[in-house]
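Hydrogens, waters and symmetry mates are skipped; everything else that's a heavy atom, side chains included, is used. Lettering follows sequence order; numbering is per chain, from 1. Only a predicted model underlies this, so the values are computations on that prediction, with no experimental measurement involved.
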2 protein chains.
Amino acid sequence: MAHDRAERALAAIRANGGRITSDRRAIIEALATGSDHPTVEELAERVWKRHPDVNLATIYRTVELLENLGIGFHVHMGHGPSRWHLSDEVHQHLVCSACGAVLDVPDDVLDPLREQIAAATGFVLDAHHFSLTGTCATCSKVA
Amino acid sequence: MAHDRAERALAAIRANGGRITSDRRAIIEALATGSDHPTVEELAERVWKRHPDVNLATIYRTVELLENLGIGFHVHMGHGPSRWHLSDEVHQHLVCSACGAVLDVPDDVLDPLREQIAAATGFVLDAHHFSLTGTCATCSKVA
DNA sequence: TTCCGTGCAAACAATTTGCAATAGA
DNA sequence: TCTATTGCAAATTGTTTGCACGGAA
């Protein structure tokens, strides 16, 4: 499935008139592997295991391309660099400000809030660009 | 009330063993004025109207101090620099990704979501560090 | 007088960009 | 071939830091 995701992303690039290069293939496969949310640096580490010559700027450019095609997204979690993932399903990110753990939750947990805010202000929530912060179950207990 | 807020902030600094300088007074008054969320640069513009000699680094250090005292906060809205405000009441920020408008909403709109998430995952939401993104009423209509 | 606060300039981290060389289609 | 992609190094943006001096308490 990670492989499928990668193939789909490559197909989208091709469909858009883009070229498939070995750099792009390596980057996309690294991003499709695992369901985590790597920073560009972390992604680079992964890519460099097998393709040590891929330039950082290329990774930035590739990930930007994916975002323009609507198949890649970045989220801001805490301070520091943004984190990237391929689409599949939209989800929200709960980030523990104590231990840094990231919990993915389905996007529809926001539906009641969405309706409430839309009714009260007309504002249409589309909140996947920023994470929700708080304290995870484990850290809450410790405190 | 803006003035009260400023005085309270200064009192908190003094109570903490900090010194009251004219730079700090100017910065805090500029931040207390208006209920917007200026970036450090915007805050600097305001301060420089009357005190052109205040250094940027001093502004960074002052807002950091306010944050350490628990009376100042920064939020991330879209890309670019963080935005600062004095406490008063905790609120959420809805940022329109089309026009950049910022809408403040009371923190308790999150209560239902809070309960739902706590029940499902044990995660305790404390989301005021990131804004909620979406499209404001005006921009939603245009689209 | 005693440190705390400040200016200044340099260091920093994350990211973007210009341009010539290279390699997909 | 023809143009998109890449490498490289320099530029940008937002923010932090070290250090010597000057001013609150």
Does a side-chain N or O of [X] approach OP1 or OP2 of [N] to a distance below 4.0 Å, or not?
{"X": "A:T39", "N": "C:dT15", "answer": "no"}
{"X": "A:Y60", "N": "C:dT16", "answer": "no"}
{"X": "B:T21", "N": "C:dT6", "answer": "yes"}
{"X": "A:S82", "N": "C:dA14", "answer": "no"}
{"X": "B:R24", "N": "C:dT6", "answer": "yes"}

To the nearest Å, give me how far apart [atom1] ([X]) and [atom2] ([N]) are.
{"X": "A:H79", "N": "D:dT16", "atom1": "NE2", "atom2": "C1'", "answer": "13 Å"}
{"X": "B:N55", "N": "D:dG18", "atom1": "CG", "atom2": "C1'", "answer": "14 Å"}
{"X": "B:R83", "N": "D:dT15", "atom1": "CZ", "atom2": "C1'", "answer": "16 Å"}
{"X": "B:I13", "N": "D:dA25", "atom1": "CD1", "atom2": "C1'", "answer": "15 Å"}
{"X": "B:L56", "N": "D:dT13", "atom1": "CG", "atom2": "C1'", "answer": "12 Å"}
{"X": "B:I59", "N": "D:dT16", "atom1": "CD1", "atom2": "P", "answer": "13 Å"}
{"X": "A:L65", "N": "C:dT15", "atom1": "CG", "atom2": "C1'", "answer": "17 Å"}
{"X": "B:H74", "N": "D:dG14", "atom1": "NE2", "atom2": "P", "answer": "15 Å"}

Seminar exercise, completed: What one should report as the nearest heavy-atom pair of B:A9 and B:L66 is CB-CD2, 4.3 Å
For this session: Taking all non-hydrogen atoms of both residues into account, name the closest pair between B:V105 and B:V109 and its distance.
Result: CG2-CG2, 4.1 Å
For this session: May I ask you to check whether B:F73 and B:H128 place their ring centers less than 6.0 Å from one another?
Result: yes
Using the side-chain heavy atoms of [X], tell me which of these nucleotides is nearest: [options].
{"X": "B:T58", "options": "C:dT6, D:dT3, C:dA14", "answer": "C:dT6"}
{"X": "B:R19", "options": "C:dC4, D:dT6, D:dT15", "answer": "C:dC4"}
{"X": "A:D23", "options": "D:dG23, C:dA23, D:dT6", "answer": "D:dT6"}

For this session: Indicate, with a heavy-atom threshold strictly under 4.0 Å, whether B:G18 touches base, sugar-phosphate, or nothing.
Result: sugar-phosphate
Problem set entry | Sugar-phosphate, base or nothing in reach of B:I20, heavy atoms under 4.0 Å | sugar-phosphate
Report yes if the side chains of [X] and [Y] come closer than 4.5 Å at any heavy-atom pair, otherwise no.
{"X": "A:L86", "Y": "A:R8", "value": "no"}
{"X": "A:H129", "Y": "A:H74", "value": "yes"}
{"X": "B:L65", "Y": "B:R24", "value": "yes"}

Exercise. Between A:R61 and A:D23, does at least one N-O distance fall below 4.0 Å, as a salt bridge requires?
Worked result: no
Problem set entry | Axis-to-axis angle between the two ends of the helix from C:dT1-D:dA25 to C:dA14-D:dT12 (five base pairs per end, rounded to 10 degrees) | 30°
For this session: Any pair with a residue in residues 15-48 of chain A that passes ring pair (Phe, Tyr, Trp, His ring centres under 6.0 Å), sequence neighbours left out, goes on the list, sorted by first then second residue, please.
Result: A:H37-A:H85, A:H37-A:H91, A:H37-A:H93
Problem set entry | Any donor-acceptor N/O pair under 3.5 Å between D:dT5 base and A:R61 side chain | no
Problem set entry | First of A:E64 and A:E41 reached from the 5' end of DNA chain C, by closest nucleotide | A:E41
Seminar exercise, completed: Sorted by position of nearest nucleotide on DNA chain D, 5' first, the leading residue of B:S22 and A:V54 is A:V54
